[in-house]
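Data block below; observations after.
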Amino acid sequence: MIFVRRAVFATFSFAVATVPVSLSGQGLGRLVEVRTAIAAGNAVRAVTLVDSIKVDFPHHPNVELTRARALMAAGRPDDVERSLRALLKWDPRYLRFALNDSTLKPLSSRFSDVDVAALAARADSPLSKGKVWATVEERDLVLEGTAFDAKTRNVLFGSLTRSTVIAVTPDGKISDRVARGSNGLGSVAGIHVDSARGVLWVASNRRFDRAADSSRSALFAFEAATGKFLSKVVSPGTKRNFYNDMTTGRDGSVYLTDTEGGAVLMLKPGGTQLEPFTPIRKVDAPNGITISADGRHLFVADMDRITVVELESGESWRLAVPDTVNITGVDGLAFADGSLIAHHPLAFWRIARYQMDSSMRTITGRTFIERNTPDSRTSTTGEVAGDHYVYIGNSQIDRMNAGTIDAASMEPIRIYRVRFDN
């Protein structure tokens with residue numbers, strides 16, 4: 001489950017940059033137009049533009065920050081303060097950053113009621129509930145997607161660099177589950193085990209750190225217990241794709257996020273072609289995807305939201321959040337006992353568990369599994385494995401992004417797990 005980062009995220013992104021995608025002129029890419037209008041002294045146009053973007057991305061910190069700058073240029077300090085207080089509710093570090101901006105610093109006196117430094121320092125404090133469970137000595141595997149094979153009780157991990165899926169036994173022993181490069185398998189992103197049918201689904205792509213790699217994205221199926229190749233569906237190649245993460249429904253349908261293609265795709269049972277999943281019509285770089293334990297609700301994360309689909313009716317809605325919670329930048333997503341576990345590997349890295357109401361319409365609470373630790377900086381995904389949540393720590397994806405893959409200078413990869421009663 002690779003997180004797609006654009007240059008427009010530079011403001012609040014302190015961690016991982018992967019799979020660059022141009023959004024110029026659309027989506028969050030329109031923030032560039034806002035900044036250009038501000039620089040040109042056209043504050044009215046800047047505010048109009050950013051307000052239109054906020055309609056689509058009401059909870060994105062970069063949108064709110066850019067809006068504050070546009071409002072400041074337009075001479076509307078009261079509205080600027082409201083934007084900054086929205087950022088403060090999400091995370092005091094956003095406000096700390098904003099008030100260090102030369103454009104917004106003049107409003108610092110309006111926040112004399114807030115000890116920004118103390119609140120931000122508290123938010124910076126590290127927390128880790130997980131313990132290292134297994135260590136992968138093959139340091140340049142660059143682990144990504146995670147899945148649980150209930151039959152063998154193994155946790156599986158995909159490799160972005162070695163075109164394989166490895167298995168970790170309950171006692172921490174590691175072996176290849178899928179032969180490297182099996183039947184043309186490429187760089188592995190998301191993986192998922194359909195336990196009812198014993199199928200391991202794998203998303204295969206070009207290596208994003210190699211410009212010359214033109215491999216087409218594909219969805220592979222293997223026997224979960226043995227890694228035997230079953231089938232694959234290759235993308236048409238009519239546009240750029242990046243098949244990212246997937247889950248399966250009770251009938252065996254596969255739901256797959258295409259991050260670069262900006263779509264959620266579906267492979268029906270027995271199907272030979274992926275097709276658009278029509279209940280979700282609007283997504284921006286979809287990434288993590290999961291399904292409720294009863295198979296009724298599908299959850300899809302993109303840039304600024306989590307969309308919920310009731311599969312039987314096809315009804316969809318945006319998961320509502322309190323004004324003190326921000327769920328922007330979700331990468332890996334898992335369902336656990338009526339809650340969602342989400343990885344946020346970009347700004348203010350964390351792994352959070354979001355409690356929901358019984359209708360799956362509103363987030364009602366949040367607890368942290370991991371935050372502000374060195375390994376959570378590159379922790380993109382995890383999986384529910386019985387009464388534990390298992391997740392990748394130092395995935396090494398930062399080294400892949402930087403083009404510095406070198407096993408001799410890299411650390412072993414640490415895999416963590418935490419009991420759900422913690």
Side-chain angles (χ1 to χ4, degrees), residues 3 5 7-17 28 31 34-35 38 46 50 54 57-130 303-304 321-331 342-354 363 365-379 393-394 398:
F3 198 91
R5 180 186 171 191
V8 75
F9 283 170
T11 301
F12 287 132
S13 297
F14 306 122
V16 195
L28 287 173
L31 289 179
V34 180
R35 293 166 187 159
I38 293 172
V50 77
K54 188 175 169 66
F57 301 98
H59 299 126
H60 201 290
N62 276 7
V63 174
E64 201 62 63
L65 178 68
T66 305
R67 186 170 185 270
R69 288 171 171 156
L71 291 167
M72 195 71 171
R76 294 166 55 181
D78 291 344
D79 290 331
V80 175
E81 181 182 349
R82 278 188 280 273
S83 281
L84 295 185
R85 288 194 180 273
L87 289 171
L88 170 64
K89 286 182 178 181
W90 288 337
D91 194 302
R93 292 170 291 183
Y94 290 139
L95 181 60
R96 178 179 64 186
F97 182 92
L99 293 181
N100 282 325
D101 182 283
S102 59
T103 304
L104 302 172
K105 198 167 189 175
L107 286 191
S108 296
S109 61
R110 292 191 176 219
F111 293 88
S112 58
D113 60 318
V114 180
D115 191 339
V116 180
L119 289 174
R122 192 177 308 154
D124 277 331
S125 62
L127 177 147
S128 180
K129 294 182 178 179
M303 280 299 133
D304 178 58
V321 297
D323 63 3
T324 55
V325 171
N326 185 280
I327 56 172
T328 298
V330 172
D331 194 329
H343 290 241
H344 299 263
L346 293 179
F348 312 137
W349 42 86
R350 61 203 184 276
I351 305 171
R353 186 172 182 179
Y354 297 104
I363 287 176
R366 176 183 63 183
T367 56
F368 292 107
I369 294 173
E370 192 101 13
R371 73 179 183 198
N372 303 324
T373 60
D375 282 356
S376 66
R377 182 173 64 90
T378 57
S379 180
N394 57 327
D398 52 340

His343 side-chain N/O to Ser379 backbone N/O, donor-acceptor pair under 3.5 Å: yes

Looking only at heavy atoms, what is the nearest atom pair of Thr103 and Pro106, with distance? O-CD, 3.5 Å

Give the minimum heavy-atom separation between Ala73 and Ile38, together with the two atoms involved. CB-CG2, 4.3 Å

Just how far is it from atom CG of Asp323 to atom CZ of Arg85, taken to the nearest 0.5 Å? 13.0 Å

Measure the shortest side-chain to side-chain distance between His344 and Val330 over non-hydrogen atoms and say whether it is less than 4.5 angstrom. yes

To the nearest 0.5 Å, how far apart are CD1 in Ile327 and OH in Tyr354? 7.0 Å

Can we say Arg110 and Asp78 salt-bridge, meaning some charged N sits less than 4.0 Å from an Asp/Glu carboxylate O? yes

Can you classify the ring geometry of Tyr94 versus Phe348 as parallel (below 30°), tilted (30 to 60°) or perpendicular (above 60°)? tilted

Salt-bridge criterion met for Arg122 and Asp115 (N-O under 4.0 Å): no

Once you round to the nearest 0.5 Å, how far does CG of Asp79 lie from CG of Leu71? 5.5 Å

Do Ser125 and Arg371 come close enough that some side-chain heavy atom pair is under 4.5 Å? yes

Does Leu127 reach the side chain of Asn372, with side-chain heavy atoms less than 4.5 Å apart? no

What is the minimum heavy-atom distance between Ser376 and Glu370, and which atoms define it? CB-CG, 3.5 Å

For the student: nearest non-hydrogen atoms of Val34 and Ala46, plus distance: CG1-O, 3.7 Å

Would a 4.5 Å heavy-atom cut-off, applied to side chains only, mark Asn394 and Pro374 as touching? no

side-chain contact (heavy atoms from CB on, under 4.5 Å) with Ser108: which of Leu84, Leu99, Leu95? Leu99

Check this for me, if you would: do Asp124 and Arg96 make a salt bridge, where the nitrogen-to-carboxylate-oxygen distance has to be below 4.0 angstrom? yes

Which heavy atom of Pro58 sits nearest to which heavy atom of Glu64, and what is that distance? O-OE1, 4.4 Å

Would you say that Val114 contacts Leu88 through its side chain, given a criterion of any heavy-atom pair below 4.5 Å between the two side chains? yes

CG-CG distance between Asp304 and Asn62, expressed to the nearest 0.5 angstrom: 10.5 Å

Closest contact, heavy atoms only, Ala123 versus Asp91: CB-OD1, 4.0 Å

Does the side chain of Thr373 come under 3.5 Å of the side chain of Asp375 through a donor N or O and an acceptor N or O? no

With a 4.5 Å heavy-atom cut-off, do Lys129 and Phe368 have their side chains touching? no

Any chance you could measure Asp331, atom CG, to Thr378, atom OG1, to the nearest 0.5 Å? 11.0 Å

Flag the pair Leu104 / Arg69 as yes when at least one side-chain heavy-atom distance between them is below 4.5 Å, and no otherwise. yes

Steps toward side-chain contact (heavy atoms from CB on, under 4.5 Å) verdict (Met72, Leu107): CA-CA 9 Å; Met72 195 71 171; Leu107 286 191; 4.0 Å; yes

Heavy-atom side-chain proximity of Val321 to Asn326 below 4.5 angstrom: no

Would you confirm whether Thr328, through its side chain, and His59, through its main-chain N or O, come within 3.5 Å as a donor-acceptor pair? yes

